[in-house]
Amino acid sequence: MFSFALIAACAPVPLAKTVTYNFDIGWVSAAPDGYTRPVIGINGRWPIPTIEANEGDTVVVKAKNSLGNETTSLHFHGMYQKGTNAYDGPVGVAQCSIPPGDSFTYTFTASPAGTHWYHSHDKGQYPDGLRGKMIIHDPAWESSLNVDEQIYLSMSDWYHTQQPYLIYDYLSTSNTNGDIHSPDSFLFNDTREGPTFNFTPGKRYLLRIVSLSALACGEFHIDEHTLSVVGIDGVQVHPQDADTIIVCAGQRYDVVVQAKANPLSNFKYIVKMATDMLTDNIPPADDITVTGSIIYNLVSGLVDTVFNVLLGSSWTPQAVLDDMMLKPLDNQALYSPVTLNVEFVINQTYYAGIGSRIKIGNEPWVEPKVPSLYTALSAGSAAFNASTYGVGADPWITNQGDVVQVYLQNPQTYPHPMHLHGHDFQVVARGLGTWDHNRASLPVIPMMRDTVVVPAEGYLVLRWLSNNPGVWFFHCHIDMHLVGGMATIFVENPEQLQQEQSIPATGVALCQKRNMCSKGNCECGSGSVSPSDAQNKCNTIFNTKDDGEAYGALVES
């Protein structure tokens, strides 16, 4: 029988502690939608464990790679990683990958509080199962919500074919349009059978919802109940009522639901995959819709409401929350003045003999010879030169205290969920067409989060403070688009970074075991690299051979 997390509201904040997880990452079999396939589990089980801690705790995750034929890594999506950039997890940015048979220990402070998740950040791997919930508690905030219980939930698209084969097709020269295979189904809490929620009349429930998707968003609605949004991506917000919320890849929502005081019936809820990001065939509606029941204690014998007949595969939302309405609880004002302007345009291009690739900056991102963080920490004064990291890393250098503004244009007919590591950003403008640069119309208190969707044929304008020295990934959370190059890095205050952080010896060992460099510029040398040498000698799509080991999970030897 399917179970879900249902816990009592947290008590007053305890002293900070160390929370340790020992994860043995390996292959198991699972059939969440009835189709049995190999998935990546932890400690012989799937779904994988939920990481849980209080804000300020030290989290230690000991990760052993027992996959046998794939490298791996772990990223703790939403964690600021202040002072611990080396444990952020993206391969090629913060570390070398963990080879089969080896281990790597991640140590960081649990911050910020909120609903988060963790996943592989290596070669498009997490859609094969290596992704799970991560809850960082703020007991004082949770107490202020006056909730009686908490429920942890996830939604995700799901593929029957293992990712290495899908990646091979996506990157191949025959995929001239950059099409992505559509998911086979949609899961809610890693199952197609919607769990039953047992509500007690008059009680308040905090639903913590995270999207583990690799491509598609999910719509969530409870019949005749209001969803009061109180948090997004770890940012506490002023409560905002909603009928239906849409949660896209990488996003998280904290929602308070007030149970009815005198219910006359039980109710239904629905989770349905949105299809606006799909470039391939749309799956049957029944395969992308999950419904479940809310059973009221003491009245479980009552019939469901007549309205529940509408909550099926033909359902469409009537009113969807606009996240731009959400304001942070701390009322953080608009960051100003802007000291660094960056403009990106989403550009998907077919390169003859290479395949279709997608970029936002100067070139599609490719994994460099040296993790970019290791370059920033070891290159001395050359760390301030963009070419030191290689044009394939598409680096942007910021100084401490900069107000960074990113204007991202999306001329495509598909939206994209964009995620920034190490920060929350303000979403100061979003719309269709192009931005009019009317700064007078910007909100006084903008919405803040770490993953936001740029609309199809539209734009985003983001701002954040450069106050977390490190090398931070900015990328599309459609995982196939990341594989295809839709990413860039922000190298934040290299001077302070070099003074405060260092390359861990365990990280150097990972690089050595994979015959990769663990220090120096993008050529694995010392000092600066000229732009021409960075183009010709460092990794780009034009001079980097794809790593064959990325194609073929569980191949027979």
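Remember, it's a predicted structure, so these values are computed and weren't measured experimentally.
- Between G89 and S73 the shortest heavy-atom distance is O-OG, 2.9 Å.
- The pair D322-R430 meets the salt-bridge criterion, with a side-chain N (NZ, NE, NH1 or NH2) lying under 4.0 Å from an Asp/Glu carboxylate O.
- A search for side chain to side chain contact (heavy atoms under 4.5 Å, CB included) contacts involving L329 returns W141, Q236, H238, not counting sequence neighbours.
- Looking at Y152 and N189, their side chains never bring a donor and an acceptor atom within 3.5 Å of each other.
- The existence of a salt bridge linking R192 and D286 is excluded, since no basic side-chain nitrogen approaches an acidic carboxylate oxygen closer than 4.0 Å.
- No side-chain heavy atom of Y87 sits less than 4.5 Å from a side-chain heavy atom of V61.
- Here the side chain of D233 pairs a donor or acceptor atom with the backbone of D450 at under 3.5 angstrom.
- Evaluation of the ring pair (Phe, Tyr, Trp, His ring centres under 6.0 Å) test over residues 31-69, restricted to residues two or more places apart or in two chains, returns Y35-H160, W46-W158.
- A salt bridge (charged side-chain N to carboxylate O under 4.0 Å, His left out) check over residues 198-221, counting only residues at least two apart or in different chains, returns the pairs E142-R208, R208-D254.
- Using a 4.5 Å cut-off on side-chain heavy atoms (C-beta onward), T289 and W315 make no contact.
- With salt bridges taken as basic N to acidic carboxylate O contacts below 4.0 Å, none links R131 and D479.
- Below 30°, between 30° and 60°, or above 60°: for H225 and F199 the angle between ring planes is above 60°, a perpendicular geometry.
- Taking each heavy atom of I25 and A63 in turn, the nearest pair found is CD1-CB, 4.2 Å.
- Residues P417 and M277 are in side-chain contact: their nearest non-hydrogen atoms beyond the backbone lie under 4.5 Å apart.
- When each of H75, H421, H77, H416 is paired with H477, the ring-ring contact (aromatic ring centres under 6.0 Å, His included) condition holds for H77 and for no other.
- In terms of modelled atom types and a separation under 3.5 Å, the side chain of Y296 and the main chain of K260 share a donor-acceptor contact.
- The disulfide bond (SG atoms under 2.5 Å apart) check on C476 picks up nothing, with sequence neighbours excluded.
- Of the candidates D424, T109, D88, Y80 forms a side-chain hydrogen bond (donor to acceptor under 3.5 Å, both in side chains) with just one, namely D424.
- By the salt bridge (Lys or Arg N to Asp or Glu O under 4.0 Å) test, D276 is found to be paired with no residue, residues two or more places apart in sequence or in another chain being considered.
- Separating the CD atom in Q251 from the CD1 atom in I209 is a distance of 12.0 Å, to the nearest 0.5 Å.
- Using modelled atom types, one side-chain atom of R37 and one backbone atom of Y159 make a donor-acceptor pair closer than 3.5 Å.
- For the pair N410 (side chain) and Q412 (backbone), a donor-acceptor distance under 3.5 Å is present.
- For Q258 and S228, the side-chain atoms include no donor-acceptor pair closer than 3.5 Å.
- Counting heavy-atom neighbours within 6.0 Å of N262 CG, excluding the residue itself, gives a total of 12 or less.
- Listed for the T244 side chain is no donor-acceptor partner under 3.5 Å among the backbone atoms of H221.
- Checking side-chain atoms of Q318 against main-chain N and O of T316 turns up a donor-acceptor pair under 3.5 Å.
- Of the possible donor and acceptor atoms, one in the side chain of Y126 sits under 3.5 Å from a partner among the backbone N and O of S213.
- The side-chain hydrogen bond (donor to acceptor under 3.5 Å, both in side chains) test applied to Q409 returns no partner, not counting sequence neighbours.
- Interatomic distance, D33 CG to D184 CG, rounded to the nearest 0.5 Å: 7.0 Å.
- Q348 and Y414 are not linked by any side-chain donor-acceptor pair at a separation below 3.5 angstrom, with hydrogens and angles left out of the test.
- Of the possible polar contacts, one joining the S182 side chain to the N281 backbone as a donor-acceptor pair under 3.5 Å is found.
- Counting only heavy atoms from C-beta outward, the side chains of D157 and M273 approach each other to under 4.5 Å.
- Ring orientation note: the planes of H419 and H475 are nearly perpendicular, at an angle over 60° on the 30°/60° scale.
- For the atom pair CD1 (I360) and CZ (F474), the distance works out to 5.0 Å, reported to the nearest 0.5 Å.
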T279/N177 under side-chain contact (heavy atoms from CB on, under 4.5 Å): CA gap, chis, key distance, verdict: CA-CA 9 Å; T279 64; N177 295 324; over 6 Å; no

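- Remark: side-chain polar atoms of N43 are paired, donor with acceptor, to backbone N or O of D24 under 3.5 angstrom.
- P100 and N69 get closest at one heavy-atom pair: CG-N, 4.2 Å.
- Within the 3.5 Å criterion, the main-chain N or O of E52 finds a donor-acceptor partner in the side chain of Y21.
- Between F104 and Y106, the ring center distance clears the sub-6.0 Å criterion.
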